[in-house]
Each structure stands twice: as structure tokens, then as C-alpha cells.
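Numbers restart at 1 for each chain; the letters A, B, ... are given by sequence-line order, proteins then strands.
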Amino acid sequence: MPELPEVESLRLTLSCTVLGKTIRAVEIRRSSLREPIACELSTALVGQQIKALARRGKYLLLRLDKGTLVIHLGMSGSLTHRVAARGENSLACGERRSELATALPLDPKHDHLQLSLNDGTELVYNDPRRFGLFKFVEVEDANSLPELKVLGPEPLTDEFNQAYLAAKLRRRKAAIKNVLMDQRVVAGLGNIYASEILFHAGVRPTRKAFSLTLREIGRVVDGTKTVLARAIDAGGTTFRNYLDSRGRPGRFASSLSVYGRAGESCPRCLGKIRCIVLGQRSTFYCPRCQK
DNA sequence: CGCCCGACCTGAGAGC
DNA sequence: TGCTCTCAGGTCGGGC
């Protein structure tokens, strides 16, 4: 589900609401995600303050006093911040409230984990398909983790530029779309934005990566930065079920040029948008605009 | 090493 | 109503 713009939107909204809060209680209802949630997670987190929120590719990183909480939303995950379902007592009863607040998940089947914070609110991790990741590591700099170490540059930094991408594509004969989705080449692009970026660049998704001209590579870099920035401005894309930390959908879906629009008219030439399968994923493009 | 495919898991929606 | 089939925004590991 979530690609870079959705995770970045999540980071921005959570920065306004949970930064500086302290974790009072942890409840794990189901631990079997991509890798099992460690049962020591509770004791490790309780009492720690949320010092900063960062993002690397599609990973959300919560910096705590003594380490980092690494969160990946997989295909269907969401992280929502809400007022505790119970415990509407006065602040003087804060301790009791935090005990009461652990009750009543809104979605008992998929609210797998809940962090109760010191202001009576809670952060809930929900993930029907359980492809996500939720783990605590006792290191300041999570970039040393194996998952993060292999990631390519952040697409919105200067490190991701025409020369860099040209060097990466030179020897690769896979389709350009698949290479853009390779997290080692550039971090954070997934199935929706890969199609959108290639539309913006006027490059057909099936083109072998090495066959792109320097000019085309420049347009791919430019399209990446433009599309991602606009999507972040709109709070991300809700195509099926992505929700931000307030449980609201992103507003970028209506700005998608080709994704999910097979048979509709191309916004540029009014030709018919086509859907093909590439690397077992649906891929959308305009046969006339994308060469 | 790079490429391609299936596996992981569950829910929603279409079609019968 | 209920069954079956397909598809879904990601990542990993195995085979070639």
C-alpha cells in the first residue's frame, strides 16, 4: 500500500501530534508480521520518549531515548493516532487512565499493536495482510540496519540525479519500471508512482533500462521529484485503503495521470490508457505519449 | 551478480 | 445468499 509519499505524510502528521510524548503502555495483540514482533518490545518501549520522527524510503523511524522504532507498513498497514477509547477521567487520574485505555480496539481483527501515550492518546498499528514490520533496535542510527543499509538514495535529495541514475541503469536489461521499483537503486518508489513517473517522463515502462538516453534519464529524475513532491503536498494517494494518522484518506488519487485508469483518456493526448502486467504487477501507460 | 517467479496473508469485489 | 476467482500500494528467497 504505502509508498514514500504516504509514509512521509504519516511522518509529517505524527510530528505534530506524538513528538515529545512518552510511551506508557504497549499492547501486542498479534505478533506475526513479516517477522515476529519481539515479546520484549513492551518492556523495551515503556517509559521512552519519542524524540524525533524520520523516514528512510518506505520505512518510518521513531527515534526514542534509547533506540529507534522501525516501522514498515507493508502492503496494507496503517498507523493511526487517536484518543483512547476509554479513560475520560481528569488528568489527575492519568495513571489509571493509561491502564483503562488499552481496551477496545476499533478493528479487533487487525489492530495488532497499540502504544498508549502519556497524554491519553494512542498509536495503533493496523495491518490486515501482515506484510509489515514493527521492531525496536537499540541504536541511534537505524541506517546501519540490514534493511536500511541496502537502500538507494532518497529520491528527493541531490544524491538522486541524472548522473547517478545513468550509472545505475547502464548495465541493466530489466524493464525500467522494475528497476525504478528496486529499492537498492532508489528508495521509496512502488507500483503506483513508478507508473506515474514514467508517464511524466514520456518513457514506456517496458523499455530496457540500459536503452534510455541521457535526456530520458533526466526526465525520469525530474518526474520522480515532481510527482513525489506533489503527492506529499496532497497527503499521499488513497487508491484502495490507505489512511493517514487521523484515519483520513490521501487526496492525490484524483491527480493520478495513468495509474488505475485503463481505458480512460490520456490527460495529455486524449489517447487511450493501457494496462499491462510487468513483473507480475499492473502497469499503466499511454502508448502514444510514452516511447 | 542480475533477472524472474512464487510465496507470504487476508479482504474486497466481480461473476455465477 | 454464497461460492469461487482475481486482484491488491511490498519484500524475500530460490533457481537459473
Side-chain angles (χ1 to χ4, degrees), chain A residues 1-10 29-37 55-60 70-79 107-112 125-135 145-152 155 167-198 205-211 224 227-228 231-232 234-244 249-262 275-284:
Chain A
M1 159 178 101
E3 305 177 36
L4 186 150
E6 290 72 47
V7 181
E8 180 63 10
S9 298
L10 200 53
R29 298 203 182 83
R30 181 155 193 178
S31 60
S32 54
L33 300 183
R34 182 164 113 200
E35 56 185 68
I37 299 175
R55 181 192 54 72
R56 181 79 175 94
K58 301 174 190 172
Y59 289 86
L60 180 67
V70 181
I71 301 169
H72 192 293
L73 299 177
M75 201 82 140
S76 58
S78 65
L79 195 60
D107 176 5
K109 252 183 127 171
H110 311 298
D111 284 351
H112 304 310
Y125 179 80
N126 179 292
D127 186 4
R129 294 177 75 181
R130 311 206 312 277
F131 287 164
L133 182 74
F134 201 108
K135 71 171 172 185
L145 293 176
E147 295 97 325
L148 303 191
K149 208 160 52 176
V150 297
L151 295 178
K168 280 292 176 185
L169 301 188
R170 200 162 296 151
R171 285 157 189 264
R172 298 195 58 163
K173 68 183 186 79
I176 179 63
K177 183 196 174 228
N178 293 343
V179 177
L180 285 181
M181 288 174 64
D182 182 341
Q183 303 300 299
R184 296 167 303 183
V185 172
V186 56
L189 305 185
N191 201 39
I192 291 183
Y193 294 106
S195 276
E196 291 297 306
I197 288 163
L198 290 169
T206 48
R207 285 272 300 282
K208 297 199 183 292
F210 68 78
S211 77
T224 301
V227 170
L228 293 184
I232 292 168
T237 299
T238 296
F239 190 71
R240 289 172 76 92
N241 50 24
Y242 164 76
L243 298 174
D244 72 8
R251 303 176 306 281
F252 196 69
S254 59
S255 300
L256 294 174
S257 298
V258 289
Y259 187 85
R261 297 196 186 282
C275 178
I276 58 170
V277 174
L278 202 54
Q280 308 172 107
R281 316 298 298 275
S282 292
T283 303
F284 299 85

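A:Gln183 contributes no side-chain N or O that, together with a main-chain N or O of A:Gly152, makes up a donor-acceptor pair within less than 3.5 Å. Not one N or O on the side chain of A:Glu3 forms a donor-acceptor pair closer than 3.5 Å with the backbone of A:Lys58. Under the 3.5 Å distance criterion, the side-chain polar atoms of A:Arg251 are left unmatched by any main-chain donor or acceptor of A:Ala253.
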Protein-nucleotides 1-3 of chain B N/O pairs closer than 3.5 Å?
| residue | atom | partner | partner atom | Å |
| --- | --- | --- | --- | --- |
| B:dC3 | OP1 | A:Lys173 | N | 2.8 |
| B:dC3 | OP1 | A:Ala174 | N | 3.1 |
| B:dC3 | OP2 | A:Arg172 | NE | 2.7 |
| B:dC3 | OP2 | A:Arg172 | NH2 | 2.6 |

Mind listing the N/O atom pairs, protein and nucleotides 7-11 of chain B, below 3.5 Å?
| residue | atom | partner | partner atom | Å |
| --- | --- | --- | --- | --- |
| B:dC9 | O3' | A:Arg130 | NH1 | 3.0 |
| B:dC9 | O3' | A:Arg130 | NH2 | 3.4 |
| B:dC9 | O2 | A:Arg129 | NE | 2.9 |
| B:dC9 | N3 | A:Arg129 | NH2 | 3.2 |
| B:dT10 | OP1 | A:Arg30 | NH2 | 3.4 |
| B:dT10 | OP1 | A:Arg130 | NH1 | 2.5 |
| B:dG11 | OP1 | A:Lys109 | NZ | 3.0 |
| B:dG11 | OP1 | A:His110 | NE2 | 3.3 |

Sort me out a list of protein N/O and nucleotides 13-16 of chain C N/O pairs below 3.5 Å, or just none if empty.
none

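Contacts of A:Ala175 classified as side-chain contact (heavy atoms from CB on, under 4.5 Å), with partners at least two apart in sequence or in another chain: A:Asn178, A:Leu278. For A:Phe239, the ring pair (Phe, Tyr, Trp, His ring centres under 6.0 Å) criterion is met by A:Tyr259, not counting sequence neighbours. Partners of A:Pro249 by side-chain contact (heavy atoms from CB on, under 4.5 Å), not counting sequence neighbours, listed by chain and number: A:Thr238, A:Leu243. By the salt bridge (charged side-chain N to carboxylate O under 4.0 Å, His left out) test, A:Arg172 is found to be paired with A:Asp182, residues two or more places apart in sequence or in another chain being considered. Every residue meeting the salt bridge (charged side-chain N to carboxylate O under 4.0 Å, His left out) condition with A:Arg207, not counting sequence neighbours, appears here in chain and number order: A:Glu216. The ring pair (Phe, Tyr, Trp, His ring centres under 6.0 Å) check on A:His72 picks up A:Tyr59, with sequence neighbours excluded. Considering only residues two or more places apart in sequence or on other chains, A:Arg281 meets the salt bridge (charged side-chain N to carboxylate O under 4.0 Å, His left out) condition with none of them.
Within the structure, salt bridge (charged side-chain N to carboxylate O under 4.0 Å, His left out) contacts touching residues 125-135 of chain A (residues at least two apart or in different chains) are A:Glu35-A:Lys135, A:Lys135-A:Glu147.
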Exercise. If you write DNA chain B from 5' to 3' in dot-bracket form, with Watson-Crick or G-U pairs under 3.5 Å, [ ] for crossing pairs and | for pairs with another strand, what do you get?
Worked result: .|||||||.|||||||

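The aromatic rings of A:Phe134 and A:Tyr125 sit perpendicular, their planes meeting at an angle over 60°, well past the 30° parallel limit.
Taking the P atom of each, B:dC9 and C:dG14 are spaced 16 Å apart, rounded to whole Å.
Listed pair A:Arg281 / C:dC7 fails the phosphate criterion, with no side-chain N or O lying under 4.0 Å from OP1 or OP2. An OP1 or OP2 oxygen of C:dT11 is reached within less than 4.0 angstrom by a side-chain nitrogen or oxygen of A:His72.
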